[in-house]
There are 2 protein chains.
Amino acid sequence: MLNERDKEVLCAIVQSYINNPDPVGSRFITKKYAFSLSPASIRNIMFDLEEMGFLRQPHTSAGRVPTDKGYRFYVDYLCSHEHQCDNRAFFYEITRELESIKNDIDILLSETTKRLSNFSHYLGVALSPKAGSATFNRIKLLKHRRNHVVTVLFTDEGLVRNKVVDVDFDLTQRDLNRIASYLNSEFYGYNLNEIRTKIVREMSEEKILCDTLISRAIRICREVLSSPYGNIFISGFTEVLGLPDFSDVEKIKEISRAMEDKHLIIKLLDKFSESAKDEVQVVIGSENSLAGMKGFSIVAATYKEGSMPVGSVGVIGPTRMDYSKTIAMVDIVSRFITKVIADGS
Amino acid sequence: MLNERDKEVLCAIVQSYINNPDPVGSRFITKKYAFSLSPASIRNIMFDLEEMGFLRQPHTSAGRVPTDKGYRFYVDYLCSHEHQCDNRAFFYEITRELESIKNDIDILLSETTKRLSNFSHYLGVALSPKAGSATFNRIKLLKHRRNHVVTVLFTDEGLVRNKVVDVDFDLTQRDLNRIASYLNSEFYGYNLNEIRTKIVREMSEEKILCDTLISRAIRICREVLSSPYGNIFISGFTEVLGLPDFSDVEKIKEISRAMEDKHLIIKLLDKFSESAKDEVQVVIGSENSLAGMKGFSIVAATYKEGSMPVGSVGVIGPTRMDYSKTIAMVDIVSRFITKVIADGS
DNA sequence: TATTAGCACTCACACGTTGAGAGTGCTAAT
DNA sequence: ATTAGCACTCTCAACGTGTGAGTGCTAATA
């Protein structure tokens, strides 16, 4: 379908457009990329590429601009061929400044997204480990005021999560200890998702209903596990505003709406962390299933606890994005986080 | 200096400009506000007001626009005269939807700022209770992995704060209990600020240095208290983009920079919570001492724990702000939060 | 047959002009 | 003290116009 020369021209056009947001013309290609072809020949090729849907013209007698399909081809081409990118500066910054933040994954992620957006000039995003896949280690219950219980949940992954739970019954610390030790023995080693389903199942069972201690325990535990999603971190909005792609107020509104609706982004990133692929993944513009996110591209990867992906980190930007650089960065970052988690254990 | 008529004209101009961001002319004032004066007379008054610095002309032969000094006069005028504002819809929404969120102040504040920005169309901001003024109740230390300690700090105000602290010595849970009970007996009843200074003082004392238990206790406690500021919540950026004041990309960049630099806003709000005034406070444009925040106005108030202000909540918007409505809203919100805190205890 | 030179054509954009409209300041009359 | 009248100023939108970049097509060329 596409011969080698067509591919090269297409990539040249995409690359040129990424460097500079002007529609690129045939003359420019011959000059800059020194094909041994005349502008006229390039024009013929461009015409074909447009027919096949890789390029489009903003208006007659302007140069060509890549379509989402064009970007897709470019990205796949990048990935299939070896390519290098000098991201050493970024790598050093990340490792040097952030390695010390070991015991608070939230701070680590928040700082990481800041660095990511600084270097990429796009939005840096990260999703903290999904509680669901973490493994229950033990729970501690502490009495707090009349009818509040402070719960502290430990997981094998080192995640610590606390939550104040309302209870409608008065309990002594001694009661709480008994409840905690019940939960500890019952749930040790399961992951939180399993526990959640276990709870649903058991809540209807008779023996639970009768035993007030156990039913209270279950109720508290359900509260603790109620929010399945982790935190999301987004930074670099100011960075994005500097891009020529956002010189238009409408565009700004679009991305700001997308940002404010964090649930969408969470769902999106969540999909990434479920797919167990071991690579940076790229979603381009209209490939995106979410209405508010068409027009943007997402480059993301998962980070792991052991061999299990537990969260994701990435970048959101315009479809006209420096994919090569960004993919490399996200790769670095995801590996880095995986490593820090591993070191911390 | 200003006679009653001048004042009325000034207020009319400010109000008209707030309703509609066009420079207001003399003819418009006579029509809309039905002074029994001709445009020519209004022009004379306007001329005087401009000389005194309350108004300015964007260019010759445009109408007048209030200066910051003009807004200031207007706001003071509002406050000194009784004025009403129908905010019942807002009041009901707030009380009905948020009253149930009692035991997590962070969620309460975050939801409140969302509502605030929805109704005001400006940025809603809130600062969670400053840990410094909270009263130490007790601390609990839990062993976590080899050399991590999970600390859970309880305050009289119901604030619970946990943090994972790295320690370079291996301790048993028994050791930790001893350390905790030392800290509990030592610091009970003090507020966290006092404790912080106490620690600094004691760290150099000899008896502390010798006793490893105590010195370890102090070190852990210092870690826990290390971040003096509470969380900040900001929402409504998309809301703000809809305002005519931000139809210009430069303006958007300005406010986005201001937002991203959260420390500035924290400092700002912090000032409010220190001044013990029992009213909504307004800072207009250039009155603001912070470089990045000139050009914006802040309407804020404190919420209290008992009679002590512990945090603040408010709104940030363009100087051309509907002060009357906004002040009323912030007033409602701050009282509401104070009430919820009181109920929760 | 693939490539290229040449040329007419199209379209966005920047620039200058122009006229309408809104609003002012000043002056003289009330 | 107030107001009518008027000349003046300035913005803004509308309109034409020319320039330049880039195209598609055709005919010549290797």
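Just so you know, these numbers come straight off a predicted model, no measurement behind them. Naming convention: chains lettered A, B, ... in sequence-line order (proteins, then strands); numbering from 1 in each chain.
The base of dG22(D) is not paired with the side chain of Arg27(A) by any donor and acceptor separated by under 3.5 Å. In this model, no side-chain donor or acceptor of Ser61(B) finds a partner on the base of dT24(C) within 3.5 Å.
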Just do the salt bridge (charged side-chain N to carboxylate O under 4.0 Å, His left out) check on Asp76(A) and Arg72(A) with the steps written out, would you? CA-CA 6 Å; Asp76(A) 291 346; Arg72(A) 165 53 57 198; 3.1 Å; yes
Under the criterion side-chain hydrogen bond (donor to acceptor under 3.5 Å, both in side chains), I'd like the reasoning laid out for Ser297(A) against Tyr323(A): C-alpha separation, chi angles, the key distance, then a yes or no. CA-CA 9 Å; Ser297(A) 287; Tyr323(A) 291 98; 2.8 Å; yes
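Separation of atoms CG (Leu2(B)) and CG (Asp48(B)) is listed at 9.5 Å; rounding is to 0.5 Å.
Look at CZ on Arg64(B): it is 7 Å from C1' on dT24(C), rounded to the nearest Å. To the nearest angstrom, C1' of dT24(C) lies 10 Å from CD of Glu50(B). Rounded to whole Å, atom P of dT4(C) lies 15 Å from atom CD1 of Ile29(A). Summarising the geometry, the separation between CD1 on Ile45(A) and P on dT23(D) is reported as 13 Å, rounded to the nearest angstrom. Atoms CG (Asn44(B)) and P (dT27(C)) sit 12 Å apart, rounded to a whole Å. The distance from atom CE of Met46(A) to atom P of dA21(D) is 16 Å, rounded to the nearest whole Å. Remark: P of dA5(C) and CG of Leu37(A) are 11 Å apart, rounded to the nearest angstrom. To the nearest angstrom, P of dT23(D) lies 15 Å from CD of Glu51(A).
A perpendicular orientation is assigned to the rings of Phe73(A) and Phe54(A), their planes being inclined by more than 60° (bins at 30° and 60°). Between Phe296(B) and Phe246(B), the ring-plane angle classifies as parallel under the 30° and 60° cut-offs.
Thr60(A) comes within contact range of the sugar-phosphate backbone alone, with a heavy-atom separation under 4.0 Å but no base atom that close.
Note on Ser38(A): every side-chain N or O is 4.0 Å or more away from OP1 and OP2 of dT3(C). Side-chain nitrogen and oxygen atoms of Arg5(A) include none within less than 4.0 Å of the OP1 or OP2 phosphate oxygen of dA2(C). Listed pair Ser41(B) / dA1(D) fails the phosphate criterion, with no side-chain N or O lying under 4.0 Å from OP1 or OP2.
Of the residues near DNA chain D, His59(B) and Ala40(A), the one whose nearest nucleotide (by heavy atom distance) lies more toward the 5' end is His59(B). The nearest heavy atom of DNA chain D to Arg43(B) and to Gly25(A) marks one nucleotide each, and the one closer to the 5' end goes with Arg43(B).
Applying the salt bridge (Lys or Arg N to Asp or Glu O under 4.0 Å) test to pairs two or more places apart or on separate chains, none has a residue in residues 2-26 of chain B.
Among the duplex regions that DNA chain D forms, those built from at least three successive Watson-Crick or G-U pairs under 3.5 Å are C:1-30 with D:1-30, ordered by first number.
For Arg64(B) (side chain) and Val24(B) (main-chain N/O), no donor-acceptor pair under 3.5 Å exists by modelled atom type.
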